Amino acid sequence: MLSIGEVEQLTGLSSRQIRYYEKVGLIHFQRTPGGQRRFVKHDIETLLRIRQLLDEEGDIEGVKRRMEREQQLGQKPLSDQERAKLTSLYPVSDRPGLLRALQGIEVPKPKRPSK
DNA sequence: ATTCTTACA
DNA sequence: TGTAAGTA
């Protein structure tokens, strides 16, 4: 599971935007007992999708309508091509890491110097 | 050090 | 949307 800080770093979205999308009901996240948000692969995809739709639609309502319609039609797994497009719309700090995260590969996090 | 919510130049 | 404030 990823923290909001890691998701910011990974997607280039601000924590403000992430929390706002949740606030308006476009997405919801799991919470730790302490109330902190926890993110999984699918959340990353959805967050990037929201930003993409927001650009196309202009407002939150437009995004909501399109997301509802997609739900009714059923979601399909992202192709490598769609993944590439989704991650190249905006600058991200670690695109290779983002691509791996979207494919479910564990992204190594900087840890304590063990040597 | 991080994250969370609320409020506002 | 950014950011400051006061917590957990």
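In what follows, every chain begins at residue 1, and chains take the letters A, B, ... in the order their sequences are listed. What you are looking at is a predicted structure, and each value in this text was computed from that prediction instead of being measured.
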Can you measure [X] atom [atom1] to [N] atom [atom2] for me and round it to whole angstrom units?
| X | N | atom1 | atom2 | value |
| --- | --- | --- | --- | --- |
| A:Glu8 | B:dT2 | CD | P | 11 Å |
| A:Ile60 | C:dT1 | CD1 | P | 8 Å |
| A:Phe29 | B:dC4 | CZ | C1' | 14 Å |
| A:Ile4 | B:dA1 | CD1 | C1' | 15 Å |
| A:Ile18 | B:dT2 | CD1 | P | 15 Å |

Problem - Touch class at under 4.0 angstrom, heavy-atom based, for A:Ser15 against every strand present - result: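 No contact.
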Practice task
With heavy atoms under 4.0 Å as the rule, sort A:Gly34 into base, sugar-phosphate or nothing.
Solution key: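 Nothing, no heavy atom under 4.0 Å.
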Practice task
Following the transitive rule for hydrophobic clusters with a side-chain heavy-atom cut-off under 4.5 Å over Ile, Leu, Val, Met, Phe, Trp and Tyr, establish whether A:Ile50 and A:Val24 coincide in one cluster.
Solution key: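 Yes: a chain of side-chain contacts under 4.5 Å links A:Ile50 to A:Val24.
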Practice task
Please round to the nearest 0.5 Å and tell me the distance separating atom CG of A:Leu78 and atom NZ of A:Lys85.
Solution key: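 Those atoms lie 12.0 Å apart.
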Problem - A:Leu26 side, atom CG; A:Thr46 side, atom OG1 - distance, nearest 0.5 Å - result: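 The CG atom of A:Leu26 sits 10.0 Å away from the OG1 atom of A:Thr46.
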Check: [X]/[Y] side-chain N/O donor and acceptor closer than 3.5 Å:
| X | Y | value |
| --- | --- | --- |
| A:Arg49 | A:Gln52 | yes |
| A:Ser15 | A:Arg19 | yes |
| A:Arg95 | A:Thr87 | yes |

Problem - Candidates C:dG2, B:dC4, C:dT1 - which lies nearest the side chain of A:Gln17 - result: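 Side chain of A:Gln17 sits closest to C:dT1.
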Exercise for the section: Could you tell me which nucleotide pairs with C:dT1 by Watson-Crick or G-U wobble geometry, both distances under 3.5 Å, or answer none if nothing does? Expected result: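 Pairing partner: none.
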Exercise for the section: Look through every strand shown and name the nucleotide pairing with B:dT3 as Watson-Crick or G-U wobble, where both distances are under 3.5 Å. Expected result: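 For B:dT3, the partner nucleotide comes out as none, under the 3.5 Å rule.
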Problem - Side-chain ion pair, A:Glu56 and A:Arg66, N-O less than 4.0 Å - result: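 Salt bridge flag = yes for A:Arg66 with A:Glu56.
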Practice task
For A:Tyr20 and for A:Gln36, find the nucleotide of DNA chain C with the closest heavy atom, then tell me which residue's nucleotide is more 5'.
Solution key: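 Its nucleotide being nearer the 5' end, the pick is A:Tyr20.
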What are the atom names and distances for every N/O pair under 3.5 Å that joins the protein to nucleotides 5-9 of chain B?
from	atom 1	to	atom 2	distance (Å)
B:dT5	OP1	A:Arg31	NH1	3.3
B:dT5	OP1	A:Arg31	NH2	3.1
B:dT5	OP2	A:Arg37	NH2	2.2

